[in-house]
Amino acid sequence: MEKNETIIEVNNIKKYFKTRKGLFKAVDDISFSINKGKVYGLVGENGSGKTTTIKMLMGLIKPTFGNVKFNIAGGLTKIYSKIGYVPEKPALYGDMLPLDYLIYMGGLSGMDKDKAINYAQEFLKNFDLDNAIEKKIETFSSGMKQKLLIIQALMHDPEILILDEPTTALDPIGQKQLLNVIKFLSEKKGVTIIISSHHMEELEMIVDYVLIFDAGKIIINSDIESLKKGSSEQLEIKTTNLENVANILRKKFNLQSTTIIDDKIVLSAKGIDKLRKSILETIISSGEELISVHTSRKSLWSVVMEKLKK
Ligand SMILES: Nc1ncnc2c1ncn2[C@@H]1O[C@H](COP(=O)(O)OP(=O)(O)OP(=O)(O)O)[C@@H](O)[C@H]1O
Ligand SMILES: [Mg+2]
């Protein structure tokens, strides 16, 4: 596979909705490229424009302005048959049995019936749904429905997988199963993956790039390593009398943040390691007892919050 080959190109898309108060800019002039075989995480607060953007990628709604180009041969029908899509809001056929639904969906993507049956059975087993095979979909729990939607998206060996908050209703085992599938598909099959999620811990494990949405704009588009590198580091300190020590540190050092979290003080600032010695000396000379010190890198979650300045 060629390196950094663009598979989707998004050019200046906007989506404006008419509301009683005038035009609402749900997506406001965003552009980005998706490289083949990479995993992209879409993050941002509720209402920041992730789903609207995904729907424009899927051709479900038309941009008010701008366009989406796919570097896949063939017309639009061919292109969409190569995409697997897990929508944010499930639209399932409640009356159907899971296997029938999957065979039907596979058929829509051009799969022959035998292959669809084999794949469906295999996936139902992998996602622990094989014991629900006799149940109508409408009786499924929300997590079971989400799993079925995921399977539906994976059935036809898609080249691109677009998942809109796919883990929301899943239990920890289901989440792990999905993350493993995503890892496998991207690493072993070169599938291009776009996933929106509010769970940074899980994104951190799978994504190559992060797009941070804020009020209809993409404010950061970065590979995950640089995103983390550019962020501040943390020092976690356990002492006696946390309040007192935190106040002393706040007065003496102008750090980005000095917060008490559970049983420790968490200090964060860029290059905090250089201040480490001086911070520890300050604590010791305050008369409080230093119990432990631990340096950690910020989580993706705190990096994102920092960028959003929340
Ligand atoms: N059909 C519509 N008419 C008017 N406003 C809309 C419409 N669809 C979406 N919006 C608005 O566009 C904004 C972006 O919504 P969107 O669903 O893209 O957010 P999101 O980033 O996916 O949020 P979440 O994390 O909650 O899923 C919201 O303010 C939403 O109310
Ligand atoms: Mg959404």
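Whatever order the structure lists them in is the order used to number ligands and atoms, beginning at 1.
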What atoms of ligand 1 come within less than 4.0 Å of a heavy atom belonging to [X]?
{"X": "Ser48", "answer": "19 (O), 20 (P), 21 (O)"}
{"X": "Phe24", "answer": "11 (C), 12 (O), 13 (C), 29 (O)"}
{"X": "Thr52", "answer": "14 (C), 15 (O), 16 (P), 18 (O)"}

Proximity flag [X] to ligand 1, non-hydrogen atoms under 4.0 Å:
{"X": "Glu165", "result": "yes"}
{"X": "His198", "result": "yes"}
{"X": "Glu45", "result": "yes"}

With a sphere of 6.0 Å drawn around NZ of Lys264, does it hold more than 12 non-hydrogen atoms of other residues, nucleotides or ligands?
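For Lys264, atom NZ is crowded (more than 12 foreign heavy atoms under 6.0 Å).
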Residue-atom pairs from the protein, N, O or S only, that lie under 2.8 Å from the Mg ion (ligand 2)
Thr51 OG1, Glu88 OE2
Working note: Thr6 + Asn71, criterion side chain to side chain donor-acceptor pair (under 3.5 Å); need CA distance, chi angles, decisive distance, verdict.
CA-CA 7 Å; Thr6 301; Asn71 187 12; over 6 Å; no
Give the residue, atom name and distance (to 0.1 Å) of the protein heavy atom nearest [atom].
{"atom": "atom 27 (O) of ligand 1", "value": "Glu88 OE2, 2.5 Å"}
{"atom": "atom 12 (O) of ligand 1", "value": "Ala26 CB, 3.2 Å"}
{"atom": "atom 17 (O) of ligand 1", "value": "Thr51 CB, 3.5 Å"}
{"atom": "atom 26 (O) of ligand 1", "value": "Asn46 ND2, 2.9 Å"}
{"atom": "atom 14 (C) of ligand 1", "value": "Gly47 O, 3.3 Å"}

Side chain to side chain contact (heavy atoms under 4.5 Å, CB included) assessment of Phe253 paired with Leu267
CA-CA 10 Å; Phe253 301 95; Leu267 308 169; over 6 Å; no
Using 30° and 60° as the class limits, which term best fits the ring planes of Tyr40 and Tyr209: parallel, tilted or perpendicular?
parallel
Looking only at side-chain N and O atoms, does [Y] offer a donor or acceptor that is under 3.5 Å from a partner on [X]?
{"X": "Asp214", "Y": "Ser48", "value": "no"}
{"X": "Asp128", "Y": "Gln177", "value": "yes"}
{"X": "Asn11", "Y": "Ser31", "value": "no"}
{"X": "Glu202", "Y": "Ser197", "value": "yes"}

Would Asp29 and Lys217 count as a salt bridge (charged side-chain N to carboxylate O under 4.0 Å, His left out) if you check the C-alpha gap in whole Å, the side-chain angles of each, and the deciding distance to 0.1 Å?
CA-CA 7 Å; Asp29 197 2; Lys217 301 216 179 259; 5.8 Å; no
How far apart are the C-alpha atoms of Ser109 and Ser81, what are their side-chain angles, what is the distance that settles it, and do they pass the side chain to side chain donor-acceptor pair (under 3.5 Å) test?
CA-CA 5 Å; Ser109 305; Ser81 74; over 6 Å; no
Does the Lys NZ or Arg CZ of Lys14 fall within the cation-pi geometry relative to Phe65 - under 6.0 Å from the ring centre and within 45° of the axis?
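Ring-cation test returns yes.
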Taking N or O atoms only and a 3.5 Å limit, does Phe17 qualify as a polar contact for ligand 1?
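Min N/O separation from ligand 1 is not below 3.5 Å for Phe17.
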Return yes when at least one protein heavy atom is under 4.0 Å from atom 10 (N) of ligand 1, and no when none is.
yes
Pairwise side-chain contact, Lys69 with Asn67, heavy-atom cut-off 4.5 Å (strictly under)
yes
